[in-house]
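The structure under discussion appears below in the form of structure tokens.
All figures in this text were calculated on a predicted structure; none of them were measured in a lab.
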Amino acid sequence: MLKILDNIIFLKKNFLKIKNKVKIIIKDIKKYGENALIFYIKKIDGIYLKNIKKIIINNNILKKTYNKINIYKKTILKEIYIRLKRYHHHNFINSWQINKKDIIYGQKINSIEKICIYVPGGNTIYPSSIFMNCSPSLIYKPKTIFMISPIKNGLISNLILSISYLNNIKKIIFSGGVHTLSCVVFGTKNIIKADKITGPGNYFVTKAKKIFFGNIGIDMLAGPSELIIICDSKIHPYIISLDFFSQLEHDIYASCIVICNNKKYLNLLYKYIYKLLKIQKNKKIIFKSLNNSFLLFKTIINTIEIINFFSPEHLMICIKNSNKILKYIKNCGAIFLNYKSSESYGDYMIGPSHVIPTNKTSKFFSSLNINDFCKKIGIIKIINNNYSKNISSYISKIEHFFSHLYSSIIRK
């Protein structure tokens, strides 16, 4: 018991240290601007710069890079772009207005003008994150979209540049972390102030987004990736094993729960996982993330309560009549039905964004969608105010807002 308490105290102290570091970086950027950014890029990223312009890539370079890639790559990238945009276009709503005898009211829908997307990097590149953040934002045509992303080993990927051009990104700042994010929030000489930031990052970035909320729009506070798989004995355990690994290879904090109504199948699945783990390319990450994962024996009906409680980021329903369960699922980020629907398809090209709420927040958040990139403004025009005057004056008198009352009744 004492050991558990010691671990909890250690974690709290560690989180507090991270929070204090984040606050110091934000404070320095706010005070010293790009001079502080150059300092932190050298300190954190190990890159020495005299001028921030050296890590900023404009749209002309993006266009030239895109034109140079081969037809095969262009075909794949265009297919993903069209699929995702088509999906999000189904959510499009025009401004509307209703005209009545005594009143005209409606809603004006405007885009959020300046969008910054954060694409993680450093250890590898994530081209899918560009598609998944940009596609829903493009429907309402923002004034500008720009991107910030860490550089891997000081090298810039042509694929990243090409996808950025296809998704209408005007500028890329090849630096990540709290230091670059702070510049986007406050604005500097060469980095414009954004209206909204979207895209996942590490714990430092998530903590910074939480601090920035109120100064700038944010999408959500995303945590480690999650997957629950419900399966019966009809699907081969080899397939489920690979689905299991595909989730756990994200990072050491990722989690996967497999729920099945057949004990023999679960035992067989365990053997497959043990056997196949040895040949996985990301086995070191998978091995550590196994600590967050388990196999569970439950009847299919009893799993519904578990799903709605955990509110997972992803849910795979690999059973014969998957649609029958669907109507009972209340809390979830994305659902994949039947045996052929791999969660990996959703990560890359089907339609919904893979920027999805985690850590039970799908109880009140949705995956990134076009509503995250627009503002809905109410419009009111009174023609005959007798009806409005009577009701408004009555309520304002109850609330003791007498200037409201006089403002209501003075109009003829």
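Using a 4.5 Å cut-off on side-chain heavy atoms (C-beta onward), P136 and F373 make contact. By the 4.5 Å heavy-atom criterion applied to side chains, L227 and E313 are not counted as neighbours. Counting heavy atoms from C-beta on, the side chains of K73 and N158 never come closer than 4.5 Å. Proximity of T180 to L37: side-chain heavy atoms (C-beta onward) are separated by under 4.5 Å at one or more points. The side-chain heavy atoms of S137 and I145, taken from C-beta on, include a pair separated by under 4.5 Å. Between I169 and I117, some side-chain heavy-atom pair lies under the 4.5 Å cut-off. Annotation: side chain of I197 is in contact with side chain of V185 (closest heavy-atom distance under 4.5 Å). Residues K207 and V178 form no side-chain contact, since every pair of their non-hydrogen atoms from C-beta on lies 4.5 Å or further apart.
Using bins of under 30°, 30° to 60° and over 60° for the plane-to-plane angle, the ring pair Y238/H236 lands in the perpendicular bin.
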Can you give the donor-acceptor pairs under 3.5 Å from side chains of residues 99-108 to other protein atoms, not counting sequence neighbours?
residue	atom	partner	partner atom	Å
N99	OD1	Q97	NE2	3.1
Q107	OE1	W96	NE1	3.4

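Shown here for I69 and Y66, the closest heavy-atom pair between the two residues is CG1-O, 3.1 Å. Between P127 and L159 the shortest heavy-atom distance is CG-CD2, 4.1 Å. In this structure, L166 and K78 approach most closely via the heavy-atom pair CD2-N, 4.0 Å. G346 and M132 make their closest contact through O-CE, 3.5 Å (heavy atoms, listed as atom of the first residue, atom of the second, distance). Scanning both residues, P237 and L269, for their nearest heavy atoms gives O-CD1, 3.5 Å. Of all heavy-atom pairs between C318 and Y339, the closest is O-CE2, 3.3 Å.
Remark: Y253 OH is loosely packed, at most 12 non-hydrogen atoms of other residues, nucleotides or ligands lying under 6.0 Å away. Within a 6.0 Å radius of OH in Y72, other residues, nucleotides and ligands contribute 12 heavy atoms or fewer. For NZ of K193, the number of neighbouring non-hydrogen atoms (other residues, nucleotides, ligands) closer than 6.0 Å is greater than 12. Around atom CZ of F186, more than 12 heavy atoms belonging to other residues, nucleotides or ligands sit under 6.0 Å away. In the displayed structure, I383 atom CD1 is contacted under 6.0 Å by more than 12 heavy atoms of other residues, nucleotides or ligands. In this structure, I380 places its CD1 atom where only 12 or fewer heavy-atom neighbours from other residues, nucleotides or ligands lie under 6.0 Å away. Atom CZ of F287 has 12 or fewer neighbouring heavy atoms from other residues, nucleotides or ligands inside a 6.0 Å radius. Heavy atoms of other residues, nucleotides or ligands lying less than 6.0 angstrom from CD1 of I71 number 12 at most.
Annotation: F39 is not in aromatic contact with H179 [ring centroid separation under 6.0 Å not met].
Counted by atom type alone, N369 and Y87 present zero donor-acceptor pairs between their side chains at under 3.5 Å. For the 3.5 Å distance criterion, the side chains of N371 and K376 qualify, holding a donor opposite an acceptor. For the residue pair N385/S388, the side-chain donor-acceptor check at 3.5 Å is not satisfied. Using modelled atom types, one finds no donor on one side chain facing an acceptor on the other under 3.5 Å when comparing K284 with N282.
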Task: Working for side chain to side chain contact (heavy atoms under 4.5 Å, CB included), residues M349 and I76 - done: CA-CA 10 Å; M349 48 75 69; I76 292 173; over 6 Å; no
Task: Residues L138, Y81; criterion side chain to side chain contact (heavy atoms under 4.5 Å, CB included); working and verdict - done: CA-CA 11 Å; L138 292 170; Y81 174 80; 3.7 Å; yes
- [ ] Apply side chain to side chain contact (heavy atoms under 4.5 Å, CB included) to T188 and I52, showing your working.
- [x] CA-CA 10 Å; T188 67; I52 290 301; over 6 Å; no
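Between the side chain of D195 and the backbone N or O of I112 there is no donor-acceptor pair closer than 3.5 Å. In this structure a side-chain-to-backbone donor-acceptor pair under 3.5 Å is missing from D28 to I25. Within the 3.5 Å criterion, the main-chain N or O of K320 finds a donor-acceptor partner in the side chain of D232. No donor-acceptor distance shorter than 3.5 angstrom exists from the side chain of S135 to the backbone of K85, with no hydrogens or angles considered. In this structure, the side chain of K209 engages the main chain of G199 through a donor-acceptor pair within 3.5 Å. S362 contributes a side-chain N or O that, together with a main-chain N or O of S311, makes up a donor-acceptor pair within less than 3.5 Å. Using a distance-only test at 3.5 Å, with no hydrogens or angles considered, a donor-acceptor pair links the side chain of N331 to the main chain of N308. The closest donor-acceptor contact from the side chain of S407 to the backbone of H404 lies at 3.5 Å or more, if one exists at all. Panel note: side chain S289, backbone L248; a donor-acceptor pair is recorded below 3.5 Å. The backbone N or O of D45 sits nowhere less than 3.5 Å from a side-chain atom of Y40 that would complete a donor-acceptor pair.
The cationic atom of K114 (NZ for Lys, CZ for Arg) does not lie both less than 6.0 Å from the six-membered ring centre of F146 and within 45° of the ring axis. Both tests hold for K363 against F309: distance to the six-membered ring centre under 6.0 Å, angle to the ring axis within 45°.
Of the listed residues (N292, I356, T358), just one forms a side-chain contact (heavy atoms from CB on, under 4.5 Å) with E226, and that residue is T358. Considering I273, L290, I285 in turn, I273 is the only one that fulfils the side-chain contact (heavy atoms from CB on, under 4.5 Å) rule with F245.
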